[in-house]
> 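First, the structure itself, so that you have it in front of you.
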Amino acid sequence: MSSTANPAALSFRSAVEADVTELVALVESAYRGESSRGGWTTEADYLEGQRTDADGVREVINTPDSVLLVVERAGELVACCQLEHRGDHAYFGMFAVRPGLQGGGLGKEILAEAERRAQETWGVKEMRMTVVNVREELIAYYVRRGYRRTGELSPFPYGDERFGVPLRDDLAFELLVKPL
């Protein structure tokens with residue numbers, strides 16, 4: 001399979017219970033452990049343990065005013081992302097692209113489609129997300145796509161292993177915002 005994005009071949013649908021196991025594996029492969037080093041979104045240098053689990057994915061699927069988008073190409077799961085309506089804005093999260101497909105433009109196309117859907121579905125004028133503050137390369141990626149660093153930090157949930165086991169003590173989440 002080519003690592004070059006072919007946006008025309010992407011299909012988007014809402015995740016269902018039958019997708020949970022494969023979605024957990026995708027998210028884990030994109031962020032944690034050795035497999036994540038095959039892409040550039042790895043958090044393996046900052047966090048060990050899990051990024052999510054079946055209960056976490058189910059929670060996103062079942063949250064009102066939320067959708068976990070499954071992105072497929074040629075019938076294969078290649079990415080996912082969460083969109084959640086939160087009043088005057090939408091929250092973007094749980095974004096994962098299969099490590100071997102990262103760097104080819106796929107993420108940019110998915111992000112643009114997620115922004116379009118949030119605006120069309122909920123009429124929101126802004127997309128928000130949080131990114132681990134030490135992920136400078138990832139933050140720069142979003143800045144290049146129109147997101148603004150707010151400098152607003154929220155604490156990393158130290159001690160809650162559902163979010164991973166931190167390898168450093170200076171982690172926080174920074175809020176990024178983009179007008180739609």
Side-chain angles (χ1 to χ4, degrees), residues 1-32 35-36 39-43 50-132 135 138-139 141-142 144-147 162-163 173 175-180:
M1 176 168 283
S2 168
S3 63
T4 303
N6 182 355
L10 295 178
S11 65
F12 294 80
R13 64 175 175 81
S14 296
V16 295
E17 175 66 30
D19 297 315
V20 169
T21 301
E22 194 174 3
L23 287 168
V24 170
L26 171 66
V27 172
E28 292 299 306
S29 74
Y31 289 95
R32 301 289 161 77
S35 66
S36 69
W40 66 273
T41 61
T42 183
E43 294 174 340
Q50 68 180 32
R51 176 64 152 63
T52 192
D53 58 21
D55 289 340
V57 171
R58 275 189 202 95
E59 184 178 328
V60 172
I61 291 172
N62 295 320
T63 296
D65 285 328
S66 174
V67 64
L68 182 53
L69 285 178
V70 170
V71 184
E72 295 170 316
R73 184 168 64 191
E76 179 189 9
L77 176 66
V78 296
C80 68
C81 64
Q82 169 194 12
L83 291 172
E84 185 176 326
H85 186 204
R86 295 183 179 175
D88 63 350
H89 68 278
Y91 177 80
F92 179 81
M94 204 175 278
F95 189 27
V97 174
R98 195 172 296 282
L101 300 177
Q102 293 176 16
L106 199 58
K108 179 172 67 173
E109 298 300 328
I110 295 164
L111 181 60
E113 176 64 11
E115 292 166 353
R116 187 194 70 73
R117 284 175 181 245
Q119 191 174 31
E120 184 178 277
T121 304
W122 298 308
V124 294
K125 303 285 188 237
E126 186 175 82
M127 184 80 89
R128 296 182 186 178
M129 69 175 73
T130 56
V131 179
V132 176
R135 307 279 322 279
L138 185 59
I139 291 170
Y141 169 86
Y142 289 119
R144 289 191 302 273
R145 276 142 196 89
Y147 286 80
R162 291 177 305 162
F163 299 96
F173 292 108
L175 177 66
L176 305 182
V177 176
K178 179 181 180 178
L180 298 178

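Values reported hereafter were calculated over all heavy atoms of this structure, with side chains retained and with hydrogens, waters and symmetry mates removed.
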> Given the rule in the side-chain contact (heavy atoms from CB on, under 4.5 Å) test, do Val70 and Phe12 qualify, once you have shown the distances and angles that lead to the verdict?
CA-CA 6 Å; Val70 170; Phe12 294 80; over 6 Å; no

> Go through the steps for Phe92 and Leu176 under the test side-chain contact (heavy atoms from CB on, under 4.5 Å), then give the verdict.
CA-CA 10 Å; Phe92 179 81; Leu176 305 182; over 6 Å; no

> Out of Val97, Thr52, Leu77, Val78, which residue meets the side chain to side chain contact (heavy atoms under 4.5 Å, CB included) rule with Leu26?
Leu77

> Evaluate Glu76 against Leu101 for side-chain contact (heavy atoms from CB on, under 4.5 Å), listing each step before the verdict.
CA-CA 12 Å; Glu76 179 189 9; Leu101 300 177; 5.5 Å; no

> Whether the Tyr91 and Thr130 side chains hold a donor-acceptor pair (N or O, under 3.5 Å, no angle test) is what I'd like checked.
yes

> Let me confirm one number: the NZ-CG distance from Lys125 to Asp88, rounded to the nearest 0.5 Å.
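Lys125 NZ to Asp88 CG: 11.0 Å, rounded to 0.5 Å.
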
> What distance do Leu68 atom CG and Ser14 atom OG have between them, rounded to the nearest 0.5 Å?
8.5 Å

> Find the distance between CD (Glu113) and CG (Leu10) and round it off to the nearest 0.5 Å.
9.0 Å

> What are the two closest heavy atoms between Val124 and Gly87, and how far apart are they?
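Taking every non-hydrogen atom into account, CG1-O, 4.1 Å.
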
> Could you pull out the closest heavy-atom pair between Pro99 and Ser29, with the gap in Å?
CG-O, 3.1 Å

> Evaluate the side-chain proximity of Tyr147 to Val177: yes if any heavy-atom separation is below 4.5 Å, no if none is.
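SC-SC contact between Val177 and Tyr147 ruled out.
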
> Using the rule given for side-chain contact (heavy atoms from CB on, under 4.5 Å), can you reason through Thr121 versus His85, listing the C-alpha separation, both sets of side-chain angles and the distance that settles it, and then say yes or no?
CA-CA 9 Å; Thr121 304; His85 186 204; over 6 Å; no

> Testing the basics here: between Ile110 and Ala79, what is the closest heavy-atom pair and its distance to 0.1 Å?
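It is CD1-CB, 3.4 Å.
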
> For the residue pair Lys108 and Tyr141, what are the closest heavy atoms and their distance?
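Reported closest heavy-atom pair: N-OH, 3.1 Å.
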
> Atom CE of Met94 and atom CG of Leu23: how far apart are they, to the nearest 0.5 Å?
8.5 Å

> Taking all non-hydrogen atoms of both residues, which atom of Gly146 and which atom of Lys178 are closest, and how far apart?
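Heavy atoms of Gly146 and Lys178 come nearest at O-CG, 3.4 Å.
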
> Would you call Glu115-Arg145 a salt bridge at under 4.0 Å N-O?
no

> Is there a side-chain contact between Leu111 and Met127, using heavy atoms and a 4.5 Å cut-off?
no

> Under a 4.0 Å N-O cut-off, is there an ion pair linking Glu120 with Arg117?
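Not counted as a salt bridge, because no side-chain N and carboxylate O are separated by less than 4.0 Å.
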
> Taking all heavy atoms of Trp122 and all of Asp65, pick out the closest pair and write down the distance.
CZ2-O, 3.6 Å

